[in-house]
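One is the number of the first residue; the rest follow in order along the sequence. Read the numbers this way: they start at 1 and go in the same order the structure lists the ligands and their atoms.
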Amino acid sequence: MSISRLARSIEPSPTFALNEEARLLRERGEPVVNMGIGEPRNKAPITAILSSAARLSGGEIKYTPPDGLPSLKKAIIRYTEESYDRYVAPENVIVSAGAKQSLFNILFSILNPQDEVIVLAPHWVSYPEMIRMVYGIPVVIAPEDGTFQPRMQDIERATSSYTKAIIVNSPNNPSGAVYPPGFIAEIVDYCERKKIYLIMDDIYHKLVFDGKKAAPAYQFTDKNIEETMVITVNGVAKLYGMTGFRIGWAVANRKLVEVMSNVQAQTTSCTSVVLQSAAEGALTGMQSVVENLRLSFENNRNVIMQELSTFNGIKTIKPDGTFYCLPDFRAYSTNSVELAKFLLHRALVVTVPGKEFGMEGYLRLSFAGSVKDITTAIERIKWALDPSSPNEIYIGDRKMIRDWL
Ligand code: PMP
């Protein structure tokens with residue numbers, strides 16, 4: 001069987017792989033706690049359900065324009081106005097199958113082979129793979145030691161004549177870090193001057209804690225939407241906990257949106273009208289759903305920080321947003337893949353190895369689950385790693401024997 005060199009080189013998504021392993025263990029009756037998954041547990045907002053149900057029962061389930069259902073685009077324009085104080089036209093908006101496809105289509109549309117894209121570690125696992133899929137080169141920048149904060153001088157040093165874009169994700173998956181406004185201002189100014197696209201992956205921008213706010217890049221440019229290098233990506237997955245609806249969008253200059261629409265028209269035609277209707281329902285419905293999610297994640301963040309504070313040896317920087325934290329486990333192991341496997345099999349807890357995010361020795365823990373999940377998981381991890389733990393415990397009626405890493 002012949003498979004292309006490029007396709008063969010694309011890494012499997014580690015999060016999906018671990019989830020699958022956890023699912024199989026659970027199917028065998030193992031009481032696995034999933035701290036790996038990146039999705040809220042809430043039910044979809046009722047306005048999303050009603051809107052898609054109305055579309056279904058009307059029976060008119062047809063193609064939409066490749067760039068999206070006009071009424072959904074209208075709702076996105078209003079969202080952009082309310083969230084970013086930016087007025088954009090329908091020609092500046094394109095709807096895709098999740099923020100993931102928006103990002104892929106942006107990269108496909110702006111990169112020539114061998115062009116470079118700067119990615120700031122810790123980074124979402126898919127960025128480097130997507131860049132490579134369109135024959136680009138990911139240039140990963142490490143954060144300042146002991147922080148999750150990238151430095152402008154490192155970005156400047158990594159820029160070359162091939163640099164086409166920088167991807168910024170704040171609040172950040174996997175660290176939960178929110179970059180300070182001063183940094184966003186600097187990077188916007190830098191990209192505008194150098195004519196480098198600044199791709200703002202704002203998928204978590206409403207999930208920020210302690211009264212803080214994620215500084216929107218648009219705030220720091222006076223260029224209009226046709227001239228700015230800023231592109232924003234958003235979606236309903238994290239905003240409303242609608243991961244399975246697969247609706248995301250990009251806001252950019254109209255030339256780029258036109259090219260992306262052509263790409264979409266020739267690949268997927270459009271995203272499903274039923275799911276676009278659901279997204280429209282969510283965007284035009286009660287927005288208290290977003291605040292409720294945010295509040296529950298802030299509470300969970302406080303619980304996990306409290307639990308982790310009693311865990312000698314690991315260091316955790318308090319996340320300011322998202323539903324992830326990224327503790328430093330190097331005191332126990334510098335091989336995060338081995339450590340995640342050990343914790344899955346020995347403590348029945350799913351975590352995600354930091355290696356996948358450019359942070360070897362760290363583990364990403366999602367606190368999107370219940371408070372009980374969090375306290376149980378941290379208790380089990382402590383048991384598995386602390387040398388003074390009892391040699392055996394019962395998890396339900398399952399006897400667990402302590403083993404060494
Ligand atoms: N960007 C980041 C940083 C994410 O964490 C995710 C989802 N895990 C996405 C994009 C993709 O979102 P969607 O589900 O809308 O494709």
Are R294 and E298 within salt-bridge range, i.e. N to O under 4.0 Å?
yes
Can a salt bridge be assigned to the pair D210 and R301 using a cut-off of 4.0 Å between side-chain N and carboxylate O?
yes
Which pairs of N or O atoms, one from ligand 1 and one from the protein, are separated by less than 3.5 Å, and what is the distance for each pair?
from     : atom 1 : to   : atom 2 : distance (Å)
ligand 1 : 1 (N)  : D201 : OD2    : 2.6
ligand 1 : 5 (O)  : N173 : ND2    : 2.8
ligand 1 : 5 (O)  : Y204 : OH     : 2.7
ligand 1 : 8 (N)  : K238 : NZ     : 2.9
ligand 1 : 14 (O) : R246 : NH1    : 2.8
ligand 1 : 15 (O) : A99  : N      : 2.8
ligand 1 : 16 (O) : A99  : N      : 3.1
ligand 1 : 16 (O) : K100 : N      : 2.9
ligand 1 : 16 (O) : R246 : NH2    : 2.8

Between K164 and E116, is the closest basic N to carboxylate O distance under 4.0 Å?
no
Looking at K382 and E379, is any side-chain nitrogen of the basic one under 4.0 Å from a carboxylate oxygen of the acidic one?
no
Salt bridge check, E30 against R26: does any charged N sit closer than 4.0 Å to a carboxylate O?
no
Please state whether the rings of Y84 and Y218 are parallel, tilted or perpendicular, taking 30° and 60° as the class boundaries.
perpendicular
